[in-house]
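Here is the structure we will look at, set down as structure tokens.
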Number of protein chains: 2
Amino acid sequence: MGEQARQLSRERVLEAAVGIADAHGLGALTMRSLAAGLNAKPMSLYHYIRNKDELLDALVDRVFAEIELPEVGGDWRAEVRRRSVSARTVLARHPWALALVETRTNPGPATLRHHDAMLGVLRAGGFSLPMTAHAYAVVDAYVFGFVLQEASLPFDSADSANAVADSIMEGFASGDYPHLVEFATQHVQQPGYHFGGQFEFGLDLILDALAVHHGASHPSSIRPENGVPQRPGRSR
Amino acid sequence: MGEQARQLSRERVLEAAVGIADAHGLGALTMRSLAAGLNAKPMSLYHYIRNKDELLDALVDRVFAEIELPEVGGDWRAEVRRRSVSARTVLARHPWALALVETRTNPGPATLRHHDAMLGVLRAGGFSLPMTAHAYAVVDAYVFGFVLQEASLPFDSADSANAVADSIMEGFASGDYPHLVEFATQHVQQPGYHFGGQFEFGLDLILDALAVHHGASHPSSIRPENGVPQRPGRSR
DNA sequence: AAGCGTATCGTACTTAGTACCACTTACTTA
DNA sequence: TAAGTAAGTGGTACTAAGTACGATACGCTT
């Protein structure tokens, strides 16, 4: 039959690792399961990977590599938006990655390139260094935080929410968490609900606010605090 | 000798667990180390905790319990701000907690109470259900994401940044990440730099933007509009 | 004193990471 | 072609960690 196991390689190892993590979660990714998935024995992996920690670092970098880079020089708002949407998509595809980001603090080349590009668009977009720091921090906190919530929220769609909400509520006198109950029944459990849909709202909210602070680009629909450019009337 | 180990209790077990995690990280928290810290043997813990998973769930809830609750009925902006600042402080004090939040999806009572209070202030503040969802998502994504970044960023203060920046840069031609280099040397490595300082900027940016969308409260200089009649929870 | 529930733990099994070393192969180089 | 060598593979076994399964110990009641 079809000679499954051609030669191992770092690439194949990483690929298989991502596959396992995607399919069965980080917990299922053990050196043994990984080896098994490659029709190899555990110890063979150590020719391509120093140890499991290094493997995890490599996985994080691999995920970052999937995120679209913003184009330095383009419209900062559009570019930051695009890469943020991409980041969320990618991280949602590999939910385990976020857990790693927290722990691993050895950024790989893709990660560094990513950060560099983000700083690049902002600087090129006219942000001062301090404002670049602010903007970058806000946007990324939001993006990562959103994904974090998506991952940790027990529910996501209205469907799955029902089960969870029910199970949570049955344990307590329903009067204990009135707002939670209202929120669950009147909003989350409604047909079209999908938590992920919230993402772009917040992203635009933040980008608009940044644009106002920055004084350039086009805040799409917000009236700034102190009569800077007024009206949703497309400034510029 | 001085009778160290008085009776165990769930409370003492949890307390010790938090202590170990705070001091040496989540990785150091094993049933054995935990038992040792309590002058007990591993298996004794299982009288107070069903298994390690349940222990972790309990720890998360314990951390949430430390966060100041917003006061339902108070000025939504001020309350949300206060609890957000508190949340960041608490999570920064227990950096390991965030890693757990991702994994554990069994909210405990403190966690539920927390969510309920947040939804409560927003509703009482006049937010519609959909806007409450938006606001809550944005704010929490930001808060959690910020902490996540704080935790994962290898550097924090200018001091520690130097070492990291140096080590990162030496491996590569310095021309590979020009913006990163500029950012590191011109901003991060400057004397007064402290990543955590960015937090309130972003938080206020978001709260202001929400206030604008909401039309009520005081973003900074906007006058409240028509108070939307609302009635907290308590269906029927 | 007998009995009982609660708390504590000794032992041992299981899963996972990985050190150590042997073996196998393919590719030199003479 | 024969011998040498580097690269790749894996068998064995040790260690750490979670936890099942019963004991055992320690009070309190009756």
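Residue numbering restarts at 1 for every chain, and letters A, B, ... go by the order of the sequence lines. No experiment lies behind these values; they were computed from the predicted model shown. Computed over heavy atoms, backbone and side chain alike; hydrogens, waters and symmetry mates excluded.
Remark: C1' of C/dT18 and OH of A/Y48 are 17 Å apart, rounded to the nearest angstrom. Nucleotide D/dA7 holds its P atom 19 Å from the CG atom of A/L45, rounded to whole Å. Between B/M31 atom CE and C/dA12 atom P there is a gap of 20 Å when expressed in whole angstrom units. Nucleotide C/dT18 holds its C1' atom 17 Å from the NZ atom of A/K41, rounded to whole Å. Taking atom CG of A/N51 as the reference point, atom C1' of D/dT15 lies 16 Å away to the nearest angstrom. We find that CD1 of B/I20 is positioned 11 Å from P of D/dA17, with the value rounded to whole Å. Computed from coordinates, the B/Q7 CD to C/dT6 P distance equals 12 Å when rounded to whole Å. Going from atom CG of A/L8 over to atom P of D/dA7 covers 16 Å, rounded to whole Å.
Ionic pairing of A/R88 and A/E200 is not present here: no N-O contact between side-chain nitrogen and carboxylate oxygen is shorter than 4.0 angstrom. A salt bridge is defined here as a Lys NZ or Arg NE, NH1 or NH2 lying under 4.0 Å from an Asp or Glu carboxylate O, and A/R12 with A/E15 fails to meet this definition.
By the 4.5 Å heavy-atom criterion applied to side chains, A/W76 and A/L210 are counted as neighbours. Looking only at side-chain heavy atoms (C-beta outward), A/V85 and A/V143 stay at 4.5 Å or farther from each other.
Note: A/F144 and B/F146 fail the aromatic proximity criterion, with ring centroids not under 6.0 Å apart.
Heavy atoms of A/S44 sit under 4.0 angstrom from at least one base atom.
Atom CD in A/E79 sits 11.0 Å away from atom CG in A/L122 (nearest 0.5 Å).
Two residues, B/R32 and B/S9, neighbour DNA chain C, and the one matched to the more 5' nucleotide by heavy-atom proximity is B/S9.
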For nucleotides 20-27 of chain C, print each protein N/O atom paired with a nucleotide N/O atom at under 3.5 Å, atom names and distance only.
none

